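Report on the structure given below.
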Amino acid sequence: MTSGSELKNQFLVAMPSLDDEHFGQTVTFLCEHSDEGALGLVINRPSDLSVANMLGHMNVPCEINLDQAPVFWGGPVQPERGFVLHTLGSTWESTVQVSETLAITSSRDILEAIGLGNGPEQYLITLGYAGWDAGQLEDELLHNAWLNTPPDQQILFSTAPPERWEASLGLLGLDPMILSADAGHA
């Protein structure tokens, strides 16, 4: 069984057979994993809300054009809670470093910096998150719901959202057309 330290800072790539309204054909960046459970952010489901609109709703000044930057649906848990997944750089009030190059922040100060054009070099904003209870993610992995792979910042920040799932499968050398529900079982 995979330990939490091996799953943190991983992409969870939904298997083509995962027929779930929330997680079918998703890529989730796993931010935290322990004996108590796991937390991840879906990175390939942009919402209809732009960063500019979200900042406006929060009365956060926006001095740069963020009309085309989407806010992502991060998962079904606490959809009113926001997270910024970003490259390291400045220090924010509520930041948790996830890897040598990535962190998540949930405080307003990073949104203010983004609105002023002083935010992290690369970032992705989500509302909500994906959560797993103790042992639930491991069980889903054993039942071929997910594949995991180290994350790729090109996919995370530069690949078009509709292409992130296939690109993430490509990290594993896989073509979604050849995968089945029984992959990995002898």
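No experiment lies behind these values; they were computed from the predicted model shown.
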Any link between [X] and [Y] through a network of hydrophobic side chains (Ile, Leu, Val, Met, Phe, Trp, Tyr) touching at under 4.5 Å?
{"X": "Leu41", "Y": "Val84", "result": "no"}
{"X": "Phe72", "Y": "Met58", "result": "no"}
{"X": "Val13", "Y": "Tyr129", "result": "yes"}
{"X": "Leu156", "Y": "Leu147", "result": "yes"}
{"X": "Met15", "Y": "Leu174", "result": "yes"}

Out of curiosity, [X] [atom1] to [Y] [atom2], how far, rounded to the nearest 0.5 Å?
{"X": "Thr101", "Y": "Glu121", "atom1": "OG1", "atom2": "CD", "answer": "11.5 Å"}
{"X": "Ile125", "Y": "Leu85", "atom1": "CD1", "atom2": "CG", "answer": "10.5 Å"}
{"X": "Ile155", "Y": "Ile43", "atom1": "CD1", "atom2": "CD1", "answer": "7.5 Å"}
{"X": "Ile104", "Y": "Cys31", "atom1": "CD1", "atom2": "SG", "answer": "4.0 Å"}
{"X": "Leu141", "Y": "Gln136", "atom1": "CG", "atom2": "CD", "answer": "11.0 Å"}
{"X": "Thr26", "Y": "Asp20", "atom1": "OG1", "atom2": "CG", "answer": "8.0 Å"}

Inset, instruction - Carefully, step by step, assess Phe29 and Leu102 under the rule side chain to side chain contact (heavy atoms under 4.5 Å, CB included). - result: CA-CA 11 Å; Phe29 177 79; Leu102 296 171; 3.8 Å; yes

Measure across [X] and [Y] and return the closest heavy-atom pair with its distance rounded to 0.1 Å.
{"X": "Pro46", "Y": "Pro70", "answer": "CB-CB, 3.7 Å"}
{"X": "Trp132", "Y": "Gly40", "answer": "CZ3-N, 3.9 Å"}
{"X": "Gly128", "Y": "Phe83", "answer": "O-CD1, 3.8 Å"}
{"X": "Leu127", "Y": "Pro79", "answer": "CB-O, 3.3 Å"}
{"X": "Ile114", "Y": "Ile64", "answer": "O-CD1, 3.5 Å"}
{"X": "Thr159", "Y": "Arg164", "answer": "O-NE, 2.9 Å"}

Is the shortest side-chain heavy-atom distance between [X] and [Y] below 4.5 Å?
{"X": "Leu124", "Y": "Thr126", "answer": "yes"}
{"X": "Asn9", "Y": "Leu30", "answer": "no"}
{"X": "Ser106", "Y": "Arg81", "answer": "yes"}

Inset, instruction - Please test Trp146 against Glu140 for side chain to side chain donor-acceptor pair (under 3.5 Å), starting from the C-alpha separation and ending with a verdict. - result: CA-CA 7 Å; Trp146 305 98; Glu140 290 178 13; 2.8 Å; yes

Inset, instruction - Report the C-alpha distance between Asp139 and His143 in whole Å, list the side-chain angles of each, state the deciding distance to 0.1 Å, and finish with yes or no for side chain to side chain donor-acceptor pair (under 3.5 Å). - result: CA-CA 6 Å; Asp139 187 56; His143 288 93; 3.3 Å; yes

Could you check whether any side-chain N or O of [X] sits under 3.5 Å from a backbone N or O of [Y], counting only pairs where one atom can act as donor and the other as acceptor?
{"X": "Gln10", "Y": "Thr149", "answer": "yes"}
{"X": "Ser94", "Y": "Ser107", "answer": "no"}
{"X": "Asn65", "Y": "Ala52", "answer": "no"}

Legend entry - Within residues 22-48 or reaching into it, pairs that qualify as salt bridge (charged side-chain N to carboxylate O under 4.0 Å, His left out) - sequence neighbours excluded: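 Qualifying pairs: Lys8-Glu32.
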
Legend entry - Worked verdict on Leu171 versus Phe11 for side chain to side chain contact (heavy atoms under 4.5 Å, CB included): CA-CA 10 Å; Leu171 293 173; Phe11 278 167; 4.0 Å; yes

Inset, instruction - Take the angle between the ring planes of Trp73 and Phe23 and call it parallel below 30°, perpendicular above 60°, tilted in between. - result: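 Ring orientation of Trp73 relative to Phe23: tilted.
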
Legend entry - Over 12 non-hydrogen atoms of neighbours within 6.0 angstrom of CG in Asp19: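 Counting neighbours around CG of Asp19, 12 or fewer heavy atoms of other residues, nucleotides or ligands fall under 6.0 Å, so no.
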
Legend entry - Heavy atoms of other groups near Glu166 CD, more than 12 under 6.0 Å: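 It does not: Glu166 CD has 12 such atoms or fewer within range.
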
Inset, instruction - Evaluate the side chain to side chain contact (heavy atoms under 4.5 Å, CB included) criterion for residues His86 and Thr105: first the C-alpha distance (whole Å), next the side-chain angles of each, then the deciding distance (0.1 Å), finally the verdict. - result: CA-CA 8 Å; His86 59 88; Thr105 299; 2.6 Å; yes

Inset, instruction - Apply side chain to side chain donor-acceptor pair (under 3.5 Å) to Thr87 and Gln153, showing your working. - result: CA-CA 9 Å; Thr87 52; Gln153 285 189 207; 5.9 Å; no

Legend entry - side chain to side chain contact (heavy atoms under 4.5 Å, CB included) evaluation trace for Leu66 with Leu55: CA-CA 9 Å; Leu66 295 172; Leu55 295 177; 4.0 Å; yes

